[in-house]
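Scroll down for the structure; my scribbles are underneath it.
In this text, all values refer to a predicted model and were calculated from it rather than measured experimentally. Numbering of ligands and ligand atoms starts at 1, following listing order. Values below: every heavy atom of this structure, side chains too, minus hydrogens, waters and symmetry copies.
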Amino acid sequence: MGKKIFSGVQPTGNLHLGNYLGAIKNFVSLNNDENNKCVFCVVDLHAITVKQDPTELRNNIRETVATFLASGIDPKKSIIFNQSKVPAHSEAAWILSCVARMGWLNRMTQFKEKAGKDKEKASIGLYSYPVLMAADILLYDSTHVPVGDDQKQHLELCRDIAQKFNNEFNVENFFVVPEPLIQKELSRIMSLKDGMKKMSKSESSDLSRINLTDDKDQIINKVRKAKTDPLPMPGDIKDLDNRPEAKNLLGIYSNLTDSDIEKTLSEYSGKNFAEFKDNLSQVLIEKIYPISIEIKKLLNDTNYLDTILSEGFEKADQIATKKIKKIHKILGF
Ligand code: AQP
């Protein structure tokens with residue numbers, strides 16, 4: 001049976017290899033399966049949980065759409081739109097925030113990481129972010145949500161909210177309880193500068209990530225400067241346990257070559273990192289650089305990108321408005 005897919009990406013600039021391998025690459029294969037119905041959302045309401053410059057945000061929304069298209073998502077097969085245009089998202093987020101419990105949100109590790117030491121100064125939106133994410137998913141009766149490993153906890157919260165609503169209002173199966181689709185291997189791509197930190201848009205050092213808009217020289221330079229250790233490549237995967245940087249680079253290479261880490265290790269065992277890094281750069285140039293060229297081409301045609309968004313809006317709004325009307329009835333509004 002086909003799946004109903006929903007996922008979102010924040011238009012916060014610097015879309016990177018982690019976003020691609022952890023999420024967008026998966027979106028493309030789900031989009032290519034004709035049995036699936038896919039909704040891919042540019043989650044701009046999520047982006048404003050931290051301060052955004054309006055001009056940059058506008059550009060980043062278009063760049064996220066361009067990245068979807070350049071990666072291979074077909075707007076004829078999938079709905080692509082931006083969240084802020086469909087009012088049902090904000091409305092459902094409010095309603096669900098009256099269902100979610102403080103104790104549940106207090107456990108969310110992403111808030112703790114992003115708010116840092118000064119929680120008092122974090123926006124309320126940053127705290128309630130997972131409730132908006134639950135609204136996004138539940139409005140479309142989504143059965144499956146492809147995300148990176150960092151979003152697993154938020155998805156569990158979404159499942160709890162759906163179940164509590166269904167039980168509390170005695171409406172069995174009204175909200176579909178969605179399943180996460182998280183890749184088994186390499187579900188979290190780590191920073192090129194620190195194998196214990198995830199690759200992230202907001203990391204200040206550009207050398208920590210491969211951006212999907214990087215050119216060939218930038219890719220070569222970043223891979224060359226990526227942190228490794230002085231030991232040669234091991235022969236056994238177990239020997240990677242205390243070598244997070246090596247594990248990350250080998251994982252990236254294996255994913256991009258549709259191989260697995262064991263096979264890659266058998267190719268490079270005993271060798272030093274220099275040769276491996278040269279080949280990793282080549283693979284990245286082969287797989288990521290064409291996306292970079294296409295993104296830049298698409299960004300020259302903002303009318304086209306805006307048309308994709310407005311056509312997607314029409315379809316998304318219809319589905320979400322229908323669901324919100326049913327929610328009103330259930331609540332007694
Ligand atoms: N390093 C990663 N490895 C695997 N998957 C990742 N994702 C993000 N980083 C990695 C996945 O990409 C999708 C879109 O993410 P997002 O833009 O909505 O937000 P995020 O997870 O907060 O991304 P960043 O890059 O880490 O942004 P900042 O720096 O702003 O926090 C999601 O499915 C996510 O799991």
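Between I189 and ligand 1, at least one N/O pair is under 3.5 Å apart. Polar contact with ligand 1: absent for V43 (N/O pair, distance under 3.5 Å). On a distance-only criterion, M199 and ligand 1 share at least one N/O pair closer than 3.5 Å. Residue-to-ligand polar distances place K114 within reach of ligand 1: an N/O pair is separated by less than 3.5 Å. Any N or O atom pair closer than 3.5 Å counts here, and R188 shares no such pair with ligand 1. In terms of polar-atom proximity, defined here as any N/O pair under 3.5 Å, S202 does make such a contact with ligand 1. Considering backbone and side-chain atoms together, V9 places no N or O closer than 3.5 Å to any N or O of ligand 1. Residue T12 has no nitrogen or oxygen atom sitting less than 3.5 Å from a nitrogen or oxygen atom of ligand 1, judged on distance alone. Inclusion of N19 in the set of residues having an N or O under 3.5 Å from an N or O of ligand 1 is warranted. The shortest N/O to N/O separation between E203 and ligand 1 does not fall below 3.5 Å.
Selection from Q110, Q151, K201 by nearest heavy atom to atom 16 (P) of ligand 1 gives K201.
A side-chain donor from one of S254 and T264 sits under 3.5 Å from a side-chain acceptor of the other. D44 and N82 share a side-chain donor-acceptor pair at under 3.5 Å. A side-chain donor from one of N255 and K25 sits under 3.5 Å from a side-chain acceptor of the other. No hydrogens or angles considered: nothing links the side chains of S142 and K4 as a donor-acceptor pair under 3.5 Å.
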**OP:** Mind running salt bridge (charged side-chain N to carboxylate O under 4.0 Å, His left out) on K297 and E294 for me, showing each step along the way?
**Re:** CA-CA 5 Å; K297 205 169 95 191; E294 188 61 18; 3.4 Å; yes
Original post:
Between E245 and M196, does a side chain to side chain contact (heavy atoms under 4.5 Å, CB included) hold up when you go through it step by step?
Top reply: CA-CA 8 Å; E245 286 82 16; M196 301 303 281; 5.6 Å; no
**OP:** In sequence, state the C-alpha distance, the side-chain angles, and the governing distance for H89 and D136, and then conclude on side-chain hydrogen bond (donor to acceptor under 3.5 Å, both in side chains).
**Re:** CA-CA 6 Å; H89 287 252; D136 301 337; 2.8 Å; yes
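Given atom 6 (C) of ligand 1, the protein heavy atom at minimum distance is G18 O, 3.4 Å. Q10 NE2, 3.2 Å is the protein heavy atom nearest to atom 19 (O) of ligand 1. Shortest contact from atom 35 (O) of ligand 1 to any protein heavy atom: D150 OD1, 2.5 Å.
When each atom of ligand 1 is checked for a heavy atom of H16 under 4.0 Å away, the hits are 9 (N), 25 (O). Those atoms of ligand 1 that come under 4.0 Å of a heavy atom in G148, given as number and element, are 5 (N), 33 (O), 34 (C), 35 (O). Listed by atom number, the atoms of ligand 1 under 4.0 Å from V147 heavy atoms are 33 (O). Those atoms of ligand 1 with a heavy atom of A23 less than 4.0 angstrom away are 12 (O), 13 (C), 33 (O). Close approach to G22 involves these atoms of ligand 1, each under 4.0 Å from a residue heavy atom: 4 (C), 5 (N). Atoms of ligand 1 lying under 4.0 Å from at least one heavy atom of K198, given by number and element, are 1 (N), 8 (C), 9 (N), 20 (P), 21 (O), 22 (O), 23 (O), 24 (P), 26 (O).
A tilted orientation is assigned to the rings of F165 and F169, their planes being inclined by 30° to 60°.
No side-chain heavy atom of F40 sits less than 4.5 Å from a side-chain heavy atom of V9.
A salt bridge is defined here as a Lys NZ or Arg NE, NH1 or NH2 lying under 4.0 Å from an Asp or Glu carboxylate O, and D206 with K222 meets this definition. In summary, D118 and K121 engage in a salt bridge, as defined by a charged side-chain N under 4.0 Å from a carboxylate O. Using a 4.0 Å cut-off between a side-chain N of Lys or Arg and a carboxylate O of Asp or Glu, K198 and D150 qualify as a salt bridge.
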